Amino acid sequence: MLWRLISDDPRRGPGSSKNNEEASPLYLSDTLRIQELTAEERAIYATLKPECLPQHVAIIMDGNGRWAGHRSLKRFLGHQQGAKSVQLVTETASRIGLPWLTLYAFSLENNLRRPRAEVNFLMRLLKTYLESNLQRMMDNNVRMRYIGRTHELPPEVQDKMRWAEEATARNTGTTLTLALNYGGRSELVDAFRSLAAELKLKHMSPGSITEEDIHRHLYTAHMPDPDLLIRTSGEMRLSNYLLWQIAYTEIFVTERLWPDFRGIHLLEAIADFQRRERRYGGLGEDSGDVDEEAERVKIAAS
Ligand code: FPP
């Protein structure tokens, strides 16, 4: 079994595992349900290196409106179809033992800038989605969490969210986090406010602030940073998503619109991710040692 504690990860710095609710495995190898993948999914999964699966995949789900427009349908039908993709992709993630899946379901900007009728529809859709998929979440051992200024959502939506979170709290498979009324900049504002309050309480100086302190005050303090960020519908933008957390995340953009995105496409993105070389600002494996003397001679000769 392949387990690696987050505290073993040199990127996260000493003591970082304190902020995680539990020691996270590299992947949830005891919850693998590969036999439940479709034949096509299994074929792609067979090409993956299980020891190099991402721990955390984040997705910007985009293109619901265009999907509907291409079919001369109303936008809300695109969102409805998008909710189906959410469930199917989550189930594939749970079958391959992906520990963390974080989906951008509703941004602060969506809340402020979309017509009220669309916002109201998205809120109703979220409630219905949670109600009608809870049993599937349980069957797939999925735990539900949320990030964002969720306290600003309608009370009945918050009730339903709490209900789903509590019902799935003991599940040990994939944690599905929905980013709702979420903005990366407002997350940083919230983190700095709470860090400033802590500094005041503990009579500490701003000069003592570390990256780890900021991490501790983010909505995502309990999870590792995403290894892979997927964006559907071809836009090359981050759209204010997880700005702090994606410092070293690999980005995969697909032209496919979110309502057409399925588990097989998640696996294709992971296969692409596994072909990348992650350097975290260092040198690649085949960059060779730098022979300083040889470099000096070369520079002198040129
Ligand atoms: C972008 O489509 C998507 C969203 C506004 C948010 C994602 C929402 C869903 C997937 C539906 C419901 C989700 C849950 C969890 C129930 P867009 O309208 O921006 O598409 P466009 O750019 O083509 O207009």
Side-chain angles (χ1 to χ4, degrees), residues 4-28 53-61 86 89-90 93-94 98-110 142-153 158 161-162 164-165 168-169 171-198 209-231 238-252 273 278 280:
R4 187 178 68 173
L5 302 183
I6 283 180
S7 54
D8 295 338
D9 186 337
R11 282 172 291 138
R12 300 188 59 79
S16 60
S17 64
K18 281 201 297 288
N19 301 317
N20 293 291
E21 287 168 335
E22 67 262 346
S24 263
L26 179 60
Y27 68 103
L28 302 167
L53 281 177
Q55 283 200 79
H56 184 176
V57 176
I59 307 185
I60 301 177
M61 309 181 286
V86 168
V89 169
T90 300
S94 81
L98 179 74
W100 305 93
L101 176 66
T102 303
L103 305 181
Y104 205 1
F106 185 62
S107 70
L108 268 174
E109 290 74 21
N110 290 156
V142 171
R143 184 173 66 154
M144 297 214 54
R145 303 289 294 264
Y146 315 97
I147 53 171
R149 290 186 175 166
T150 53
H151 58 280
E152 292 172 357
L153 296 173
Q158 290 185 52
M161 287 163 55
R162 212 168 298 119
E165 182 169 4
T168 60
N171 290 343
T172 55
T174 299
T175 297
L176 168 65
T177 303
L178 298 180
L180 292 162
N181 204 31
Y182 174 88
R185 288 183 174 182
S186 62
E187 176 179 26
L188 290 172
V189 170
D190 291 346
F192 295 157
R193 282 178 182 159
S194 106
L195 179 56
E198 182 186 301
I209 297 174
T210 62
E211 288 187 12
E212 187 50 36
D213 289 324
I214 294 173
H215 168 82
R216 272 192 305 111
H217 288 270
L218 295 172
Y219 306 147
T220 55
H222 57 287
M223 48 172 113
D225 290 341
D227 302 295
L228 171 63
L229 171 70
I230 299 172
R231 179 163 190 146
L238 295 176
S239 297
N240 202 14
Y241 193 40
L242 300 174
L243 296 179
W244 174 276
Q245 296 86 340
I246 58 169
Y248 287 103
T249 299
E250 296 295 324
I251 301 179
F252 179 88
F273 163 83
R278 300 182 79 187
Y280 303 99

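Owing to the predicted nature of the structure, the values given are computational and were not obtained by experimental measurement. These values consider heavy atoms only, across backbone and side chains, with no hydrogens, waters or symmetry-generated copies.
Inter-residue side-chain proximity for F273 and V57 is flagged as unmet; no heavy-atom pair is nearer than 4.5 Å. Two residues are said to be in side-chain contact when any heavy atoms from C-beta on lie closer than 4.5 Å; L98 and L53 fail this criterion. At least one side-chain heavy atom of I214 sits less than 4.5 Å from a side-chain heavy atom of L195. Proximity of R145 to M223: side-chain heavy atoms (C-beta onward) are nowhere separated by under 4.5 Å.
For R185, there are no salt bridge (Lys or Arg N to Asp or Glu O under 4.0 Å) partners two or more places apart in sequence or in a different chain. With sequence neighbours excluded, the residues that form a side chain to side chain donor-acceptor pair (under 3.5 Å) with S239 are R231. T249 meets the side chain to side chain contact (heavy atoms under 4.5 Å, CB included) test with P226, L229, I246; sequence neighbours excluded. Not counting sequence neighbours, the partners of Y104 by the ring pair (Phe, Tyr, Trp, His ring centres under 6.0 Å) test are Y182, Y241. For R193, the side chain to side chain contact (heavy atoms under 4.5 Å, CB included) criterion is met by R149, V189, D190, not counting sequence neighbours. Looking at residues two or more places apart in sequence or on another chain, you find no side chain to side chain donor-acceptor pair (under 3.5 Å) involving T177.
A93 and L101 make their closest contact through CB-CD2, 4.1 Å (heavy atoms, listed as atom of the first residue, atom of the second, distance). Smallest separation of non-hydrogen atoms from E152 and L108: OE1-CD2, 4.2 Å. The nearest pair of heavy atoms linking T150 to L180 is CG2-O, 3.8 Å. Annotation for T220 and H215: closest pair O-CE1, 4.3 Å, computed over non-hydrogen atoms. In this structure, T174 and S94 approach most closely via the heavy-atom pair OG1-CA, 3.1 Å.
Interatomic distance, L218 CG to W244 CH2, rounded to the nearest 0.5 Å: 7.0 Å. Separation of atoms CG (N181) and CD (E109) is listed at 9.0 Å; rounding is to 0.5 Å. A distance of 4.5 Å separates CD1 in I230 from CD1 in I59, rounded to the nearest 0.5 Å. The CG atom of L178 lies 7.0 Å from the CE atom of M61; values are rounded to the nearest 0.5 Å. Note that CE of M144 is 14.0 Å distant from CZ of R162, once rounded to the nearest 0.5 Å. I60 CD1 to L238 CG: the interatomic distance, rounded to the nearest 0.5 Å, is 6.0 Å.
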Before you tell me yes or no, could you show the steps for D225 and Y248 under side-chain contact (heavy atoms from CB on, under 4.5 Å), namely the whole-Å CA-CA distance, both residues' side-chain angles and the distance that decides it to 0.1 Å? CA-CA 8 Å; D225 290 341; Y248 287 103; over 6 Å; no

Show the numbers, then the answer: is there a side-chain contact (heavy atoms from CB on, under 4.5 Å) between H222 and T175? CA-CA 11 Å; H222 57 287; T175 297; 5.6 Å; no

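Side chain of N171 to main chain of R143: no donor-acceptor pair is present (N/O by atom type, distance under 3.5 Å, no hydrogens or angles). In this structure, the side chain of E187 engages the main chain of Y219 through a donor-acceptor pair within 3.5 Å.
Side chains of Q245 and H56: a donor-acceptor N/O pair is absent below 3.5 angstrom, by distance only.
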